[in-house]
Amino acid sequence: MEFSFGPKGWVPAEQLQEKSTDECVYALGLHAPGFFDKVLNVNKCLLQSDSANEVLATVQECWRDPELGLSPWNVHSHTGFLKHLMLRSGRNIETGLPELMVNFVTSSDNPECLRPLVEKIATIPEVVSIVNNVNTSIGNTSVGEKEYTLYGKSTITEILRGLTFQISANSFFQTNTRQADVLYKLIEDCAFLKGDGSEIVLDLFCGTGTIGLTLAKRVKHVYGFEVVAQAVSDARQNATLNFINNATFIEGDLNKIDSTFASNLPKPDIVITDPNRPGMHIKLIKFLLRLRASRIIYVSCNPATCARDLNYLCYGVPEQNIEGRYRLSSLQPVDMFPHTPHIECVCSLELR
């Protein structure tokens, strides 16, 4: 969960009469739908674990104390110290017990200011990692230019499809681990692996290597590309952690590829692409159409950009004289985010 700090709490119109003026000052919670500058104060989140809610409650109890000198970020004046509170949950690989990472995102480089909060949070048994990401930009991102480990480890671990994954604060990992297991099993089924360990897999937008590594023991080699340096580092460590030697992870921006992209790699039999919400850049789509891999598995969290990209891959881009080369053979949504309209979708494409 990612919570935002704000200088003035927002409440729905129907609750205004119930709230005192004091309750609306300084907020830590979630953005009101459609607003980047309105934060609804949240004291308990029903989506996260009890221990994560204990962390949230502990922060809520003390961060407004004037003696601590902590101020929330103001998106209009671009002032303030605290931007986000991120809570990530994992599991200890030896005991299976939950473990938590707490990430404070701040606007400036002053981790000592957080020491009183750190000391309180560190008493919660499940908390094994407290980090501080420093983001000096005026944007709303939670990824920092610098990162400090304030308590415990710099990573947590999670178990998925029999493999152990190490996760750092800025690395992407599916938030719903149980459904991620379902999702990755579906991806493996769509790959139609021969079982003789002969295939090459190209894993685009690979993150911490989760998809590629779950396939690695059944293929000849996995090549993963990811733009986030820390995620690439995590992917390499995850390969080592699981004794996987046939996976190579490369840092690179897939929105800025040129004609030489992947030219030094063997031609893949299977391409797996899992882009973020904007989908794939037209340069990458052109590359895939030239590559002519036998199968593409497109994993998407945005049906709109997914439909656009599938249309390009299947029917081409006539105005640019680009010919489509694939046939959509299957499409299966997966409910990764219960009680919301959001889904992940696994699409299987075959070369015509």
Side-chain angles (χ1 to χ4, degrees), residues 163 184-228 231-232 235-236 238-239 242 244-276 279-300 305-306 308-317 320-331 345-352:
L163 299 180
Y184 291 174
K185 174 63 167 62
L186 180 61
I187 293 169
E188 184 175 330
D189 291 344
C190 288
F192 289 103
L193 298 176
K194 297 176 183 177
D196 59 0
S198 65
E199 290 139 310
I200 302 292
V201 174
L202 181 60
D203 186 7
L204 304 176
F205 308 94
C206 67
T208 55
T210 47
I211 296 176
L213 291 175
T214 58
L215 300 177
K217 292 184 178 179
R218 297 186 59 197
V219 302
K220 184 176 182 179
H221 205 96
V222 172
Y223 294 93
F225 281 85
E226 170 61 45
V227 68
V228 179
V232 174
R236 292 168 180 166
N238 287 332
N242 291 283
I244 293 172
N245 302 312
N246 61 332
T248 302
F249 296 101
I250 303 161
E251 182 183 346
D253 190 343
L254 293 167
N255 292 323
K256 297 179 180 179
I257 62 173
D258 57 25
S259 58
T260 65
F261 175 66
S263 59
N264 59 334
L265 302 181
K267 181 179 177 180
D269 303 284
I270 301 162
V271 174
I272 298 169
T273 180
D274 186 8
N276 53 15
M280 295 194 297
H281 194 281
I282 191 65
K283 290 180 182 178
L284 185 57
I285 290 171
K286 289 179 180 178
F287 163 78
L288 292 175
L289 290 171
R290 289 194 304 269
L291 186 66
R292 300 191 190 190
S294 298
R295 186 175 299 277
I296 296 176
I297 302 170
Y298 191 128
V299 185
S300 173
T305 54
C306 177
R308 178 201 67 199
D309 292 348
L310 294 180
N311 188 63
Y312 289 155
L313 291 168
C314 293
Y315 300 108
V317 189
Q320 296 188 33
N321 294 318
I322 299 172
E323 183 182 348
R325 301 190 183 279
Y326 285 88
R327 179 180 68 85
L328 180 63
S329 59
S330 69
L331 186 151
C345 200
V346 179
C347 311
S348 182
L349 298 138
E350 297 174 350
L351 187 68
R352 293 203 303 260

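- Scanning both residues, K267 and L291, for their nearest heavy atoms gives CE-O, 3.0 Å.
- Summarising the geometry, atom CG belonging to L254 is positioned 8.0 Å from atom CD belonging to E226; distances are rounded to the nearest 0.5 Å.
- For residues 190-207, the pairs satisfying side chain to side chain donor-acceptor pair (under 3.5 Å) are D196-S198, with sequence neighbours left out.
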Let me see the working for D309 and T273 under side chain to side chain contact (heavy atoms under 4.5 Å, CB included), right down to the final yes or no.
CA-CA 11 Å; D309 292 348; T273 180; over 6 Å; no
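- In this structure, G207 and A235 approach most closely via the heavy-atom pair O-CB, 3.9 Å.
- Counting heavy atoms from C-beta outward, L351 and Y326 have side chains that approach closer than 4.5 Å.
- Residues I322 and I285 are not in side-chain contact: their nearest non-hydrogen atoms beyond the backbone lie 4.5 Å or more apart.
- When atom types are taken as modelled, the side chain of N246 and the backbone of A216 share a donor-acceptor pair closer than 3.5 angstrom.
- In this structure, the side chain of R236 engages the main chain of F249 through a donor-acceptor pair within 3.5 Å.
- In R308, the CZ atom is crowded: over 12 heavy atoms of neighbouring residues, nucleotides or ligands sit closer than 6.0 Å.
- Residues D258 and T260 come closest through the heavy atom pair OD1-OG1, 2.6 Å.
- Put simply, CZ on F261 and CZ on R290 are 10.5 Å apart, with the number rounded to the nearest 0.5 Å.
- Looking at L331 and C345, their side chains come closer than 4.5 Å, going by heavy atoms from C-beta outward.
- Counting only heavy atoms from C-beta outward, the side chains of I297 and V346 approach each other to under 4.5 Å.
- Across all their heavy atoms, I187 and V299 have their closest contact at CD1-CG2, 3.7 Å.
- Contact between R295 and S348 at its shortest, heavy atoms only, is NH1-OG, 3.2 Å.
- At least one side-chain heavy atom of Y298 sits under 4.5 Å from a side-chain heavy atom of M280.
- In this structure, NZ on K286 lies 12.0 Å from OG on S259, to the nearest 0.5 angstrom.
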Run the numbers on L215 and E188 for side chain to side chain contact (heavy atoms under 4.5 Å, CB included), then give the verdict.
CA-CA 7 Å; L215 300 177; E188 184 175 330; 3.6 Å; yes
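- With hydrogens and angles ignored, the 3.5 Å screen pairs no side-chain donor or acceptor of D274 with any backbone N or O of F205.
- At least one side-chain heavy atom of L313 sits less than 4.5 Å from a side-chain heavy atom of L289.
- Using a 4.5 Å heavy-atom cutoff, the side chains of S300 and C347 are not in contact.
- R325 contributes atom CZ, which lies 11.5 Å from atom CD1 of I296 (distance to the nearest 0.5 angstrom).
- Pairing each heavy atom of L213 with each of I244, the nearest pair is O-CD1, 3.7 Å.
- Remark: F192 engages no residue in a ring-ring contact (aromatic ring centres under 6.0 Å, His included) (not counting sequence neighbours).
- Between atom CG of residue D189 and atom OH of residue Y184 there is a gap of 15.0 Å, rounded to the nearest 0.5 Å.
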Could you go step by step and tell me if I270 and L193 meet the side chain to side chain contact (heavy atoms under 4.5 Å, CB included) rule?
CA-CA 9 Å; I270 301 162; L193 298 176; 3.5 Å; yes
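- Here the CZ-CZ distance, from R352 to R327, works out to 9.5 Å after rounding to the nearest 0.5 Å.
- Within the 4.5 Å cutoff, no side-chain heavy atoms of L284 are placed close to those of F225.
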